[in-house]
Structure formats: structure tokens, C-alpha cells
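Because only heavy atoms are used, hydrogens play no part in the values below, and waters and symmetry mates are left out as well, while side chains stay in. Below, chain A is the first sequence line, B the second, and so on; all start at residue 1.
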2 protein chains.
Amino acid sequence: MLKAERHQYIMDKLLEEQKVVTSDLALALDLSEDTVRRDLNELDSKKLLKKVYGGAISIQEKTDNIFSININAEEQKKKIVTKALPLLHDGQVIIMSGGTTNLVFARLIPEDLKVTIYTYSLPIAMQLSQHPNIDLIFIGGKMQKNAMVTIGMDVVQVLSKIKADICFIGASSININQGLTEIGYEVSIVKKAMIEASDKVVSMFSSNKLNTRMPHVVCELSQLDTIVTELETDDPRLEEYKKLGVNVV
Amino acid sequence: MLKAERHQYIMDKLLEEQKVVTSDLALALDLSEDTVRRDLNELDSKKLLKKVYGGAISIQEKTDNIFSININAEEQKKKIVTKALPLLHDGQVIIMSGGTTNLVFARLIPEDLKVTIYTYSLPIAMQLSQHPNIDLIFIGGKMQKNAMVTIGMDVVQVLSKIKADICFIGASSININQGLTEIGYEVSIVKKAMIEASDKVVSMFSSNKLNTRMPHVVCELSQLDTIVTELETDDPRLEEYKKLGVNVV
DNA sequence: ATTAAAATTGCAATAGTTTGCGTTTTTTAT
DNA sequence: ATAAAAAACGCAAACTATTGCAATTTTAAT
């Protein structure tokens, strides 16, 4: 992995989570913490983030009366989510996690689709509020302010009581051995509940998330029905996933 | 292989993979790494990619996505909510309804205030997510998409189980006889529950809401502790309200 | 076709970067 | 105060880039 790639990865992560932790990045990227620190310091000196003890936080101009969400590589994300649109059908009950890929997905849901969507992400809910034909239900609870999602027992409890046809789950990291892993424990718990509540589990992410890992396991690959990336379905990097029975789109 | 062909190959690869590695390209194109580097440098100077140590990365765009909310008479609202700021104290448990006045209020909450806030409004929650010291709890439920608030039994139920020190309630309409009234039935129910859950009830609104009415009653004036408007406290339009025991700020 | 100039290519030596490790220093939280 | 975690520092090994140069190929004009 190129250094510049790592930098992109870090900035990407920062956009999603508002902060990054040195040790988590070292784990995710399979690097020494030294190198991560050097990366963070470099990005700091370029004023792209603010290095703090233990990691880094994003520097974002105070948004005044506007809620702005930065999306990295939006074109790529559009490509990914477009491939997932055929999975949607009238009448479905859907659960959506947070993340910018899901946000792009939310925006591209056809106007005439009539579905019920549960979400626990503020930006996703804001986006879906614009949609004329969606029954939208927000799952409340304690807010994880950086990611703008609710977490905790309340969320899990609501999820345990619903039964969805399909869920679209964002991924921070995925690899063959651990499967889907998350940076935060709380979020991993919520995602587990989400998977439990859904007949079908779909995860959309860009290929740079492949073969990275985070501390908290969400689920094994066997629990994923479909993964959607920007890659061609015959790309060698997806081979192992297909072997394990995951549907690759 | 012609140079132009190679360039095309590199750009194709880049489009697909977001990055190229010098050594891989040299191998794939059966060229020396020197030549590949020269190619990459050339493409870099044409701004078609970004040359980095070890290879090159695609120039990735970062789009800004805005959920914008129009706030009418923002200056006036700032004036109103500023008068309410002294009601806030560390340690309070607070409930906030939706509305743009409350949104402006949320934005002006001092950075160092440590409180717990319950809300059922997406924009309010988004705004409060930016605040470093607030414990934020979102009350989930079915979304009323236009107003971007949750409504219904779920919301009422959560509200019935909490006890807040103070609530800040937006007002569609207020008058002496009916008190606070709302345009939507669902919202009126939620606001009732909110008032029930709070020791102290504060409503902020501009004076043009005075002496108007809507179909659904929220509460009588006697249940309001404090109203905050842009008017001077001795303004004759507020006289009647003061007489009924409402604190006027 | 021939030829000279210009561009391209690979090589080798040199220079510069990156990275992980051991050690020391600083920071944080108890 | 003290212990634990994180950061900084210096170093060596591995990797990547730059440079000048000679050999080769391409281009363009007679």
C-alpha cells in the first residue's frame, strides 16, 4: 500500500468518523504505530487534520446554518451503489446503517419506490426525508456525535423487535478471516443487531476497505449475503469472498 | 508499445484501481521502472494523476453535500434565543422540540456547557452533534418528513419515561385563550408529552406568533413557565401573558 | 532513401524516502 | 506521586527517485 493511499484512507476515515485513533489505524492498515503517527503528523503539517494525543481529529470549518457532509470519491461511490439499486423492491422493509456510501445510496433511491426504511443515522434520515414515497422510521437512542448515529441498548432493543427484508450495512473494514469488523464497540453491537433483524444482508464499500481489520467483529463473511464494490465481479481480489459463498456484485 | 498507449493503459488502470505502483507497471508493461516513472511524471504535469512515492494515485474529488435549512429572520431569532441562554446550567436535563428558532438556539449554546439534551428533531440533533460537551439523546419513531421530526406513540412513550429539568418548545401559534396550539395533531401530542416530562417549560418565538391559533391545542398558558420573544418585557403585547402568570423574558 | 536532430530508453551510481525497532521523553489519568 | 500509554528520536535496512550518459529509435527535411 502506498503512503499516499494510506493518507487517503485516513482522510476518508476522518470524514466518516471525525476522528481517528493511532492504534486502530495501525491495526487496520497493518502498520506500526510509528508510521501511522508519522502519517498523521505529515497530514497535520499540511493542515488536513489536527494531530492530538492518541490520534487525530478533523478540522472542519464551523458550518453556520448549513449541514454539510463531505463525501470522498463520490463518483466511485455512485458507481458502487448503483449496482445495488436492483436489490430494492416496492413493499420492502429495509434497515440502513450510516456512512457516506449509504448516504449516496439513499440519494439515488428512485423517487417512485415505496418502501419502509429504518435507520439510526442522522444524515441518512435527513436525506431520506426528501424522498416522497418512503416510510421512514428513526431508531432513537444515545447519539454517537462524531458519526451522527445512535448507539446503545435502546437501538439494539428496537432492532431486536423488527424484522426486515434486507439491510444495507456500511463497512469500515472487511477481511477473509474476521469478516466485517468495526472501529467502535458500540457500533459493532448495533450492526450485529441489524444483521440479526434482516433476512438479507448487503454491504457496500470501496475496495480499499478489503483486507483491512478493526478491533471489533460484527459478523463473519458467511452472514453476508451480498457485497457490492466498485470492482468487476471477476476481479481476483474478490475471489476468496466468492469462494466463501458471498454474493459479489 | 507506444508511449501514448502506455499512458492510456496507466490511466485505465488508475480509473479502475485508484492507484498504480511503479514496479507493477514496469512488470506489466515490460519496461524499466525509469520509463514508467517518466510516464507518471509526465501525466502528473498534465494533472491527469498525482505522482507519489512508489507510484501514482488518481486525483480524487471531494464533494460537499449540503442539507440546507432556510431560517427566516435569523437575526431576530438570534436576539430571541440569546435571551434564553441564561436559563441553561451545567448538569441540566433538557428536552428540545424542532423548529428553526430552536435550531438557532442550539447553535448558540456555549461550548463549555455540559448538559443532557433529548430531542426528536433531525436538524436540532445534527446541530447539537457539533457540540463537544452535550450528551445527546435522539428520541426515535416514525418520521414526519416535512418537519424532520419523529412523531407517534414511540416518541410519546420515551418522553413519558424521562424527567427533564427544562424543555424548550417551539411554537406555531400562541394566544391567550387556547394557549399553545399546533397545526398538526401528531405534533401536538408529542409536545404535550414533552411538557409533561419537564419541570420547567420555556417557549421561544417571534412576536408574529402572538395571538394566532391552530387547530390542535398543546397546552394552556398556565402550563408555560417562560416565554421568550424579541420584544421588550414591558411591551404592551405581552401584558396579558404576564397577567396570567407567565414569565416574560 | 539518407541523414541529422530530437526524443526515448535502460543503466549505474548516487541521493533521498520510508519503515520498524529499541530507547528515551512526554503526556495522561489515577 | 505513579504507572501506563503515547510520542519523539535516532538508526539501519529496504525501497524508490534522480541524474547523467550512452545506445537506440523516431521524426522530419532534404
| message | What is the distance, to the nearest angstrom, from the CD atom on A:Glu42 to the P atom on D:dA8? | response | 14 Å
| Could you give the CZ-to-P distance, from B:Arg6 to C:dT8, as a whole number of Å? | 9 Å
| task | With heavy atoms under 4.0 Å as the rule, sort B:Asn41 into base, sugar-phosphate or nothing. | result | sugar-phosphate
| said: Looking at A:Asn72 and B:Lys62, would you say the former's side chain and the latter's main chain have a donor-acceptor pair under 3.5 Å? | reply: no
| field | Closest listed nucleotide, where the reference is the side chain of B:Asp34 and the choices are C:dT28, C:dC11, C:dT19 | value | C:dC11
| query | Per the atom types in the model, does the base of D:dA7 pair as donor or acceptor with the side chain of A:Tyr53 at under 3.5 Å? | reply | no
| remark: A:Lys50 atom NZ is separated from D:dA7 atom C1', nearest whole Å, by 15 Å
| Interatomic distance where CG belongs to B:Asp24 and P belongs to D:dC15 [whole Å] | 14 Å
| Are B:Phe138 and B:Tyr120 close enough that their ring centers fall under 6.0 Å? | no
| said: I'd like to know if the side chain of B:Glu74 and the backbone of B:Val104 have a donor-acceptor N/O pair within less than 3.5 Å. | reply: no
| query | Quick one: A:Leu25 CG to D:dA7 C1', roughly how many Å, whole number? | reply | 15 Å
| Side chain A:Thr150, main chain A:Ile139, donor-acceptor under 3.5 Å | yes
| Rounded distance (Å) that lies between atom C1' of C:dT9 and atom CG of B:Asp30 | 12 Å
| said: Assuming nearest nucleotide by heavy-atom distance, tell me which of B:Arg38 and A:Lys3 is located more 5' along DNA chain C. | reply: B:Arg38
| When we call it a touch if two heavy atoms are under 4.0 Å apart, what does A:Val52 touch: a base, just sugar-phosphate, or nothing? | sugar-phosphate
| message | Tell me the interatomic distance from B:Leu31, atom CG, to C:dG10, atom C1', rounded to whole angstroms. | response | 10 Å
| message | Counting the atoms with a prime plus P, OP1 and OP2 as sugar-phosphate, which does B:Ser23 contact under 4.0 Å by heavy atoms, base, sugar-phosphate, or nothing? | response | nothing
| Length of the CZ-P vector between B:Arg37 and D:dT18, whole Å | 7 Å
